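Below is one structure, written out as structure tokens, with a few remarks after it.
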Amino acid sequence: MTNPLRPSRVALITGASTGLGETIAEFLGGVGWRLVLTARTESDLTAVAERLSGRGVIVRAVAGDVGEAAHRARLIAEASSLGRLDWLVNNASQMGVSPIRPLLDHPVDVFEKVLRTNVIAPVALAQLALPLLRETDGLVVNVSSEAAVDVFPCAGIYGASKAALDQASRIIAAELADTGVGVTSVDPGGMRTRGYAEAEPDFDLSSVPTPDVTLPFWKWLAEVSSGEVSGRRYLAQSGPWDTK
Ligand SMILES: NC(=O)c1ccc[n+]([C@@H]2O[C@H](COP(=O)([O-])OP(=O)(O)OC[C@H]3O[C@@H](n4cnc5c(N)ncnc54)[C@H](OP(=O)(O)O)[C@@H]3O)[C@@H](O)[C@H]2O)c1
């Protein structure tokens with residue numbers, strides 16, 4: 001039962017209708033956090049929200065595109081109406097054209113769309129969330145990828161966007177030093193998800209783990225302070241994380 005003197009924490013999770021975002025929502029909801037969830041496809045998002053609500057989790061599900069300013073404002077308003085925000089999890093992401101193809105074969109408007117979803121939206125959400133995060137010593141979690149660091153031909157737009165997100169995370173973390181608000185990057189590692197399957201339909205994903213493989217990392221992250229992890233980049237499948 002929630003202690004009225006210590007209201008349960010609130011997370012805003014983007015891309016929560018499937019894959020890693022759904023897993024993080026399931027985990028946080030299961031340990032008593034209240035949730036604001038979003039993704040573009042309303043039916044998928046509603047299915048996740050109804051399942052969690054059925055287990056007693058307080059969920060606000062708002063379908064929409066994080067690339068749109070009005071939608072971002074709605075998401076922050078939902079968190080505000082829950083009274084606080086502890087984590088902003090920027091997990092929603094796009095690869096570009098699926099199946100993936102060389103960077104220079106991508107239409108420029110696809111590049112712009114990927115950057116808007118993977119880089120601009122996370123930073124814009126952090127801007128809007130900052131006043132709420134200041135009240136809780138909250139944390140921005142930007143979900144990154146190995147593609148930000150290594151060279152994966154045909155994942156160039158995605159990799160460039162994640163590299164930009166990593167650098168933005170480091171810079172904002174430095175700019176917010178000593179405010180109590182933290183920013184961290186998390187590379188969850190390869191996971192068997194819808195997005196991965198769509199990007200590489202010919203690749204056999206049967207030996208790739210499901211997003212549940214990252215659960216020990218999220219359990220650990222929920223127990224540490226924002227200051228301890230701010231400015232750092234974690235590999236969620238390669239603990240122990242406190243030594244990184
Ligand atoms: N899977 C992997 O192996 C892997 C490896 C490294 C890093 N990652 C990272 O982990 C995160 C989750 O990956 P995943 O594989 O679980 O992704 P996924 O299966 O592709 O799911 C993406 C989620 O984001 C939503 N979404 C996409 N664009 C959106 C937009 N513009 N506005 C709002 N929601 C949007 C999708 O729903 P709608 O389409 O309905 O909007 C869905 O809920 C991503 O940041 C990804 O880069 C994944």
Side-chain angles (χ1 to χ4, degrees), residues 12-27 35-49 61-75 78 88-100 110 112-125 140-150 152 155-166 168-169 184-201 203-215 217-218 233-238:
L12 163 52
I13 306 171
T14 70
S17 64
T18 184
L20 180 64
E22 179 182 5
T23 295
I24 299 170
E26 293 256 0
F27 164 62
L35 304 171
V36 179
L37 306 180
T38 193
R40 291 167 301 175
T41 310
E42 188 155 23
S43 53
D44 292 348
L45 186 68
T46 302
V48 171
V62 192
D65 189 330
V66 293
E68 293 174 6
H71 181 58
R72 294 192 294 266
R74 269 197 301 277
L75 295 173
E78 288 293 342
L88 164 61
V89 184
N90 283 313
N91 166 78
S93 180
Q94 290 171 6
M95 290 288 294
V97 173
S98 293
I100 54 176
V110 174
E112 289 174 347
K113 173 77 177 148
V114 171
L115 290 176
R116 197 176 316 125
T117 304
N118 296 9
V119 188
I120 295 170
V123 173
L125 275 169
V140 179
V141 180
N142 287 328
V143 179
S144 183
S145 166
E146 193 181 356
V149 180
D150 291 335
F152 293 109
I157 287 183
Y158 174 74
S161 73
K162 293 294 188 179
L165 183 62
D166 275 357
S169 301
T184 193
S185 282
V186 179
D187 170 3
M191 301 169 297
R192 194 166 69 241
T193 63
R194 189 177 76 194
Y196 196 164
E198 285 172 359
E200 297 195 59
F203 184 68
D204 179 8
L205 286 174
S206 56
S207 63
V208 177
T210 64
D212 281 2
V213 72
T214 64
L215 282 173
F217 172 78
W218 301 110
R233 185 179 192 278
Y234 293 96
L235 304 178
Q237 293 191 35
S238 307

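Just so it is clear, the model here is predicted, and its values are computed rather than measured. As the structure lists them, so they are numbered: ligands from 1, and atoms in each ligand from 1. FYI, the numbering just counts along the sequence from 1.
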inquiry  = If you compare all heavy atoms of A25 against all heavy atoms of L37, which two are closest, and at what distance to 0.1 Å?
reply    = CB-CD2, 3.9 Å
inquiry  = Tell me every residue that passes salt bridge (Lys or Arg N to Asp or Glu O under 4.0 Å) with D212, counting only those two or more places apart in sequence or in another chain.
reply    = none
Protein residues having a heavy atom less than 4.0 Å from any atom of ligand 1 = G15, A16, S17, T18, G19, L20, A39, R40, T41, G64, D65, V66, N91, A92, S93, Q94, T117, V143, S144, S145, Y158, K162, P188, G189, G190, M191, T193, R194, G195, Y196
Parallel, tilted or perpendicular: rings of F217 and Y234 (30°, 60°) = tilted
Check: S17/D44 side-chain N/O donor and acceptor closer than 3.5 Å = no
query = Between V140 and N90, is any pair of side-chain heavy atoms under 4.5 Å apart?
reply = yes
note = Rounded to the nearest 0.5 Å, the CG atom of L75 sits from the CG atom of L12 at a distance of 5.5 Å
